[in-house]
Colleague: 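Okay, handing you the structure first.
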Amino acid sequence: MLSERQMMILRAVVRDFTNSGVPVGSKALAKQLPIHVSSATIRNEMAALEDQGLIRKTHSSSGRIPSVEGYRYYVDHLVKPDPLRPNDLNMIQSSLGGDFHKIDEIISQSATILSNLTSYTAFTLKPELKDSRLSGFRLVPLGHRQVMAILVTDSGDVENQTFDVTEAVTGEQLEAVVRLINDQLVGLTLPEVLQKLRTDIPAKITHYLQSPQGFLDIFGDVLTRAAQERFYVGGRLNLLNFSQDSDVDSLKALYSLIDKTDDIANVLGQPRDNISVQIGNEMTNDALRNYSLITATYDVNQHGRGMIAILGPTRMPYSRMLGLVGAFREELAKKLLDYYRYYDE
């Protein structure tokens, strides 16, 4: 249990170091604290904080920097999110105010906006889709034996894929398949549609297509893409601005992690309530030992819950970042709710 003065000193050490990157000494702290405390007293309190593992010495300075445990204590007990600056709110609202035609466009743009706001790498995850239902399926001839398959869900998501058909397949046959799909599958959840693709639908399509497997594969691919969780990443190169690793292999491992959907999904975890912070070795992947991850959920009522996140150095200004992430998720939820209302009308 820390005393009030020790908490005041730890807060000052974290805020000073995250702002300057320079180890903090007792003289500098004496000038910052809101109460008069001698340098000798501050040194004694810093020694106590060091004994508890909350701050530590560096090799190159007599000052102290926060440890992972110190950041953890600060985030859990001392930090207060900064209020949003008016120019930040204007930037968020104007960037989200564009004319978007798909949910994915909004979520993708959100990753870019969040990375620009924070100067860190940002991740955005669209709302959960397990309850989305198929609302329509079309095949559009493009000429030269090419056809585009278009799938629409009740949440407004649209997926498409182009494929070739043989000369043996007629337009009438394709129209019959589309009628079959819409008659049999519209209104079902996407997992239910996938299940039917593996059971009774193939036999029914053989009434219209002699070799239906190619079509079933295409339809299955489009359906799987519509149902899967999808992360968008903004500001990949921002990692280079604060990486402590000059080792090329370490940077490769970090970028490989970011580019693999399953791996980054494991790091981000499932959407949880509110805002959470993971620091350094609290994350399971060793490539992230010098980083902190702030994740936050956003709620769009019956359309599900999504997630946003930023990845930055452990030496990030937590007060400002928590304020930005908290405000951004609210604005993103408003934008998505507006989109859904427009789509449902």
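In what follows, every heavy atom counts, from backbone to side chain, and hydrogens, waters and symmetry copies are set aside. Small disclaimer: the values here were computed from a predicted structure and weren't measured.
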Colleague: Supply the atom-to-atom distance Glu69 CD to Ile279 CD1, rounded to the nearest 0.5 angstrom.
Modeller: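 That separation rounds to 9.5 Å.
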Colleague: Give the intermediate values and the outcome of side chain to side chain contact (heavy atoms under 4.5 Å, CB included) for residues Phe328 and Ile113.
Modeller: CA-CA 9 Å; Phe328 189 83; Ile113 300 168; 3.6 Å; yes
Colleague: For Tyr298 and Met307, which heavy atoms make the closest approach, and how far apart are they?
Modeller: CE2-N, 3.2 Å
Colleague: For the atom pair CD1 (Ile55) and CD (Gln6), what is the distance rounded to the nearest 0.5 Å?
Modeller: 9.5 Å
Colleague: Do Leu216 and Ile205 come close enough that some side-chain heavy atom pair is under 4.5 Å?
Modeller: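 Touching, per the 4.5 Å side-chain cut-off.
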Colleague: So does Met91 get a backbone contact from the side chain of Ser95, meaning a donor-acceptor N/O pair under 3.5 Å?
Modeller: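 The answer is yes, because a donor-acceptor pair under 3.5 Å joins these two groups.
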Colleague: Once you round to the nearest 0.5 Å, how far does CD1 of Ile181 lie from CG of Leu134?
Modeller: 8.5 Å
Colleague: About how many Å separate CZ of Phe123 and OH of Tyr232, when rounded to the nearest 0.5 Å?
Modeller: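 Spacing of OH (Tyr232) from CZ (Phe123) equals 14.5 Å.
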Colleague: Measure the spacing between CG of Asn281 and CG of Asp286 and express it to the nearest 0.5 Å.
Modeller: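 So the gap between those two atoms works out to 9.0 Å.
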Colleague: Which pair of heavy atoms, one from Ser39 and one from Ser26, lies closest together, and at what distance?
Modeller: O-CB, 3.8 Å
Colleague: Closer than 3.5 angstrom, by distance alone: can the side chain of Thr206 be matched with the main-chain N or O of Ala203 as a donor-acceptor pair?
Modeller: yes
Colleague: Once side chain to side chain donor-acceptor pair (under 3.5 Å) is applied, do any residues pair with Arg320, and if so which ones, sequence neighbours excluded?
Modeller: Asp88
Colleague: Is the backbone N or O of Asn90 less than 3.5 Å from a side-chain atom of Gln93, with the two atoms forming a donor-acceptor pair by type?
Modeller: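 Not a single qualifying donor-acceptor pair exists.
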Colleague: Taking the side chain as every heavy atom from C-beta outward, state whether Leu322 and Val277 have any pair of such atoms under 4.5 Å apart.
Modeller: yes
Colleague: Could you tell me whether the side chains of Thr295 and Ser276 share a donor-acceptor contact shorter than 3.5 Å?
Modeller: yes
Colleague: Does the pair Thr189 and Glu192 meet the rule for a side chain to side chain donor-acceptor pair (under 3.5 Å), with working shown?
Modeller: CA-CA 5 Å; Thr189 66; Glu192 289 171 340; 3.2 Å; yes
Colleague: Between Gly235 and Ser115, which heavy-atom pair has the shortest distance, and what is it?
Modeller: N-OG, 3.6 Å
Colleague: Do the side chains of Met8 and Glu45 get nearer than 4.5 Å, heavy atoms only?
Modeller: no
Colleague: Kindly write out the residues that satisfy ring-ring contact (aromatic ring centres under 6.0 Å, His included) with Tyr318, not counting sequence neighbours, or none if the list is empty.
Modeller: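 Checked Tyr318 against ring-ring contact (aromatic ring centres under 6.0 Å, His included); matches are Tyr71.
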Colleague: Any heavy-atom pair between the side chains of Thr124 and Ile106 that's under 4.5 Å?
Modeller: no
Colleague: Can you see which heavy atom on Thr58 is nearest to which on Pro23, and at what distance?
Modeller: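 Shortest heavy-atom contact: OG1-CG, 3.8 Å.
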Colleague: State whether the number of non-hydrogen atoms from other residues, nucleotides or ligands found under 6.0 Å of Arg145 atom CZ is greater than 12.
Modeller: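 Yes, enclosed.
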Colleague: Which heavy atom of Asn301 sits nearest a heavy atom of Asp299, and at what distance?
Modeller: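 Closest heavy-atom pair between Asn301 and Asp299: N-OD1, 2.8 Å.
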Colleague: Flag the pair Leu185 / Phe219 as yes when at least one side-chain heavy-atom distance between them is below 4.5 Å, and no otherwise.
Modeller: yes
Colleague: Could you please spell out the steps behind the side chain to side chain donor-acceptor pair (under 3.5 Å) verdict for Gln184 and Lys196?
Modeller: CA-CA 9 Å; Gln184 298 285 317; Lys196 283 194 169 289; 5.9 Å; no
Colleague: Check whether any side-chain heavy atom of Tyr339 lies under 4.5 Å from a side-chain heavy atom of Val300, and answer yes or no.
Modeller: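 No, their side chains stay 4.5 Å or more apart.
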Colleague: Take Asp104 and Lys126, measure what side chain to side chain contact (heavy atoms under 4.5 Å, CB included) needs, and give me the verdict at the end.
Modeller: CA-CA 7 Å; Asp104 284 48; Lys126 65 195 293 186; 2.4 Å; yes
Colleague: Can you tell me how far apart CE (Met46) and CG (Asp51) are? Round to the nearest 0.5 Å.
Modeller: 12.0 Å
Colleague: What I'd like to find out is whether the side chain of Thr18 reaches to under 4.5 Å of the side chain of Met316, using heavy atoms alone.
Modeller: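 When only atoms from C-beta onward are counted, Met316 and Thr18 do not touch, as no gap falls below 4.5 Å.
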Colleague: Tell me which pairs pass salt bridge (Lys or Arg N to Asp or Glu O under 4.0 Å) where either residue lies in residues 166-179, with sequence neighbours left out.
Modeller: none
Colleague: Just to verify, what does Phe163 make a ring-ring contact (aromatic ring centres under 6.0 Å, His included) with, not counting sequence neighbours?
Modeller: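 Per chain and number, Phe163 pairs via ring-ring contact (aromatic ring centres under 6.0 Å, His included) with no residue.
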Colleague: With Ser38, which residues qualify under side chain to side chain donor-acceptor pair (under 3.5 Å), at least two apart?
Modeller: Thr41
Colleague: Using side chain to side chain contact (heavy atoms under 4.5 Å, CB included) as the criterion, point out the one residue from Lys80, Arg11, Arg15 that pairs with Ser319.
Modeller: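 Among Lys80, Arg11, Arg15, the one that satisfies the side chain to side chain contact (heavy atoms under 4.5 Å, CB included) with Ser319 is Arg15.
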Colleague: Could you verify whether a donor N or O on one side chain and an acceptor N or O on the other, from Asn274 and Arg329, lie under 3.5 Å apart?
Modeller: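 Yes, because at least one side-chain N or O of Asn274 sits under 3.5 Å from a partner of the opposite role on Arg329.
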Colleague: Please determine whether a side-chain nitrogen of the Lys or Arg among Lys334 and Glu331 lies less than 4.0 Å from a carboxylate oxygen of the Asp or Glu.
Modeller: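 Yes, charged N to carboxylate O under 4.0 Å.
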Colleague: Taking salt bridge (charged side-chain N to carboxylate O under 4.0 Å, His left out) as the definition, give me every residue that meets it alongside Glu50, ordered by chain and number, with sequence neighbours left out.
Modeller: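 Glu50: salt bridge (charged side-chain N to carboxylate O under 4.0 Å, His left out) contacts with Arg64.
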Colleague: Check the pair Leu239 / Tyr291 against side chain to side chain contact (heavy atoms under 4.5 Å, CB included), numbers first and verdict last.
Modeller: CA-CA 10 Å; Leu239 287 171; Tyr291 298 87; 4.0 Å; yes
Colleague: State, yes or no, whether a side-chain contact exists between Ile308 and Leu125 at a heavy-atom distance under 4.5 Å.
Modeller: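 Heavy-atom side-chain distance check fails, nothing below 4.5 Å.
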Colleague: Strictly below 4.0 Å, N to O, side chains only: are Lys335 and Asp338 in salt-bridge contact?
Modeller: no
Colleague: Could you please spell out the steps behind the side chain to side chain contact (heavy atoms under 4.5 Å, CB included) verdict for Leu54 and Leu2?
Modeller: CA-CA 11 Å; Leu54 300 176; Leu2 300 186; 3.8 Å; yes
Colleague: Answer yes or no: is there a donor N or O on one side and an acceptor on the other, between the side chain of Asn238 and the main chain of Tyr120, under 3.5 Å?
Modeller: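 It does hold such a pair.
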Colleague: If every non-hydrogen atom of Ala309 is compared with every non-hydrogen atom of Leu293, which pair is closest and at what distance?
Modeller: CB-CD1, 4.1 Å
